[in-house]
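The structure appears below as structure tokens.
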Amino acid sequence: MQRKPLIRAVNISKTFGATKALSDVSFEFFSSEIFSLVGANGAGKSTFIKILCGYYPDYDGEIYIDDKLVHFNSPRDAYEAGIQVVHQSIEQGIVQNMSVAENLALEQIVSPEANFVYNQKNIEKEAIEIAKKMGIEHLDMKQNIQDITQSEKQMITIARALAKKPKLLILDEPTSSISDKEAEVLFETLYRLKDEGVSILYISHYLHEIKRISDRVGVIRDGKFGGLLQKPLHVSKIVNAMVGDIETSIPSDYDYDSKDKKVVLELKNLVIDRSSNPINIKLYEGEIAGLIGLIGAGKTELAETLFGIRVPISGEIIVNGESIDIKNISHAIKSGIHMVPENRAVNAILPDESIKNNITLPFLDYFSKKAILKKEAEIDNANRMINSMGIKCENYLSSIDSLSGGNQQKVVVARWLLMKHNIVILDEPFQGVDIKSRKDINAYLRESTKDSCVLLISSDIDELMDVTDKIIVMNKGRILHQEKTSQIDRDKLLGLITQE
Amino acid sequence: MEKFIAFAIKYGFLIVMAGSFLGFGLLESSFWSWSNMFSILLSVTIVGILAIGVTFTLIVDGFDLSIGSTAAICVMVSSYVMVVLNLNYMYAIIFALLAGFSIGLVNGLLIVKAKIPDLLATLGMMFLIQGLQLIPSAGMSIGTGMMLADGTEAEGEFAEKFLFLGQGRLFDLIPIPVIAFALLAIVAYFILQYTKWGRILYAIGGNEKAVKLAGVNVERYKIAAYVISGTIASLGGILLAARIGRGDVTSGGGLLLDAVAAALIGFAVLGVKKPNAFGTVVGVIFIGMLLNGLTMLSLPYYTQDFIKGLVLVAALIFTFGLSKSEI
């Protein structure tokens, strides 16, 4: 039987000034399905979503809901018509300083029809009703929103979206700020919603995730319709539709049989906090090691210890045969330990500043003489990194805000690969980064890691398997397992990561 | 249309400024005379100097509300040292600068170490200094011949050389305070544009966490910004004392708001949308010129604050209102 689509977007086009962001893109969404939308950064994915959500009233083409032609002039229109969106940033979707109940019932609190007098009992009753839709009514409603986990906050934003019984629920990068375990809970919820008839439009950079949960995958490529994939889905096919033929995995060329391997970084019985076990790790010259584990396994703590953000309780950090006592970040940098922190927007990017100023930030001592900046040297080095990492921009003076997420991440990585170093630690470097940019970053990491080593922290197994020479598994503050990537069995690795 | 708005944001302010310069001159030819030019500059120097100080704190995404009262207490300190203590004018300068430096340091420590929000910390400091400046002279202005607590008269007086700082002119034309203002502006501009210190101060204002994770001692830079602000304010105080020639308890009034307004108007100059030394200087001169020109056209003095406010709001619209709204 031919099912009738719930929502049809037909020949959607949109131009910004002289650039054509979208041309004639059509997709249909059915009830009870998870439809994923993929595309490289800048392909037009978010433009399409924003048109669907009413942010851009000015577009060509038609949108039909239940065969009725609609035109959204504001996000409010789209929302009234039953299109609900849960944005990428969880923090944007909640109100700090309010309780769980107030966040759940926010719509009722702020609506113009709300009672002038605030009735806490009613709000809580309302909140529980809304929470039931997501099966989170067990949460303590009186709790302050800041005291619950990221994943619970996300559940609250989704519950709120569902309260209005949307025809289409749009989830924009929902897994980018939650752990693997939390993602599993999210997927379970999505399956349940799907069974209840909700139509879900899912957007993510994690293709393995998309392959697992989607019924159909729509591809936007360079602003045009790039294909519609049905089950069975394959990651390679999705990638192919998105960006054409590119090989994403960078083959490990590390020679583990070589006799004269030099140890660059050695951790000897390093104890990070009272509850954790001593850590012993050796990283060799030219090696890219992956560090994987759940949130709370101690990955970030280990990285912070190496970078001088926290002080270890005992043990030794040995760099190139010399035991060093890292007192602070600037000391770590002087010892050749560099770190690309997670969450670039919060921890790395200088907004409104040029690419050049963003790249050279930690090394201004080197780029100045008696405090006066040597602009020529800065420009040369910024250009060198722009070229070798393939940062897409007008020139080194372009503001970092004008770049796509993937290119912003390249700038942040370039900052720490700019100068000679012994170790570079990358903490979740692929969050919100499109596949082409990942490939560029990985390729440059491989190319530039000669007499130094890389510690790549990620919670994405597939990403680590694509790029590393060996993988270290951390579980509850201890090193559980280390193995050459080429010999690793994915399922066994998953077991080790989640082992209780 | 978009191009026009971009052009307006970038050059609009300077065009308005050039336009009013031409307009005033055409309506009132004495406006263009050299002596009037310098009288405009002289009228804005103290505010201008304070505005450069507050620019440093604005750059690190902070704020210093205590600059006006810092300048005022430095007027009192230098007068007290010369008139009551009867010491050499060099001591007056040194003690006033030390006072400004210490106030800045305490501000910095309150904000960085005690983690008090900048507006609140410097507001508290503003009150504290306003009260403190009244104590040594029992609430009275300080001048030669004033009655002291022990019944004797104050015998010290303002040194000629000290007064020259505020009232003297180079080549009988250029006022000394204007020269001090110009030098300070050039040094501030150079530091902010061409040194790593300036780069880091701006970076801290953009994303403090990122700068910390780049190995920079952010706390030290932030404290330094307040120390610079306080010290510059004390310089303004010294020049003010030298200009009025007595320790006037009311001398600090109005300095703070005028200086902050100038620094904020500076955001709009060349459309940089950030605190910057050049913009601050342009902003302060613009206000001075406007008030001077309008006064020549017999605008009553009581409309001055209204004009300043109008300019500030217009500049803020240039800076924030006309920029592209983002979703």
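First the proteins, then the strands, lettered A, B, ... as listed; each starts at 1. Worth saying up front: this structure is predicted, and the values here are computed from it rather than measured.
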Does any heavy atom of chain B fall under 4.5 Å from the side chain of [X], the backbone, both, or neither of them?
X: A:Ile372; value: both
X: A:Lys369; value: neither
X: A:Ile349; value: backbone
X: A:Ala332; value: neither
X: A:Phe307; value: side chain
X: A:Asn328; value: neither
X: A:Glu378; value: side chain

Atom [atom1] of [X]: over 12 foreign heavy atoms under 6.0 Å:
X: A:Gln96; atom1: CD; result: yes
X: A:Lys334; atom1: NZ; result: no
X: A:Gln146; atom1: CD; result: yes

Looking only at B:Lys212, B:Lys274, B:Lys209, B:Arg199, the option with the highest number of non-hydrogen pairs under 4.5 Å against chain A is B:Arg199
Are [X] and [Y] side-chain neighbours, meaning at least one heavy-atom pair lies under 4.5 Å?
X: B:Asn207; Y: A:Pro351; value: yes
X: B:Val216; Y: A:Ile329; value: no
X: A:Leu350; Y: B:Val211; value: yes

For chain A, which residues of residues 101-113 of chain B have heavy atoms nearer than 4.5 angstrom:
none
Write down the atom of B:Ala210, the atom of A:Ala348, and the distance for their closest heavy-atom approach.
CB-O, 3.3 Å
Applying the side-chain contact (heavy atoms from CB on, under 4.5 Å) criterion to B:Leu213, which one of A:Asn347, A:Val340, A:Leu361, A:Val346 satisfies it?
A:Asn347
Looking at A:Val412, A:Leu364, A:Asn358, which makes the most heavy-atom pairs under 4.5 Å with chain B?
A:Leu364
Need one label for B:Phe190: side chain, backbone, both or neither, based on atoms under 4.5 Å from any heavy atom in chain A.
side chain
Qualifying side-chain hydrogen bond (donor to acceptor under 3.5 Å, both in side chains) pairs with a residue from residues 185-198 of chain B, counting only residues at least two apart or across chains:
A:Asp365-B:Lys196
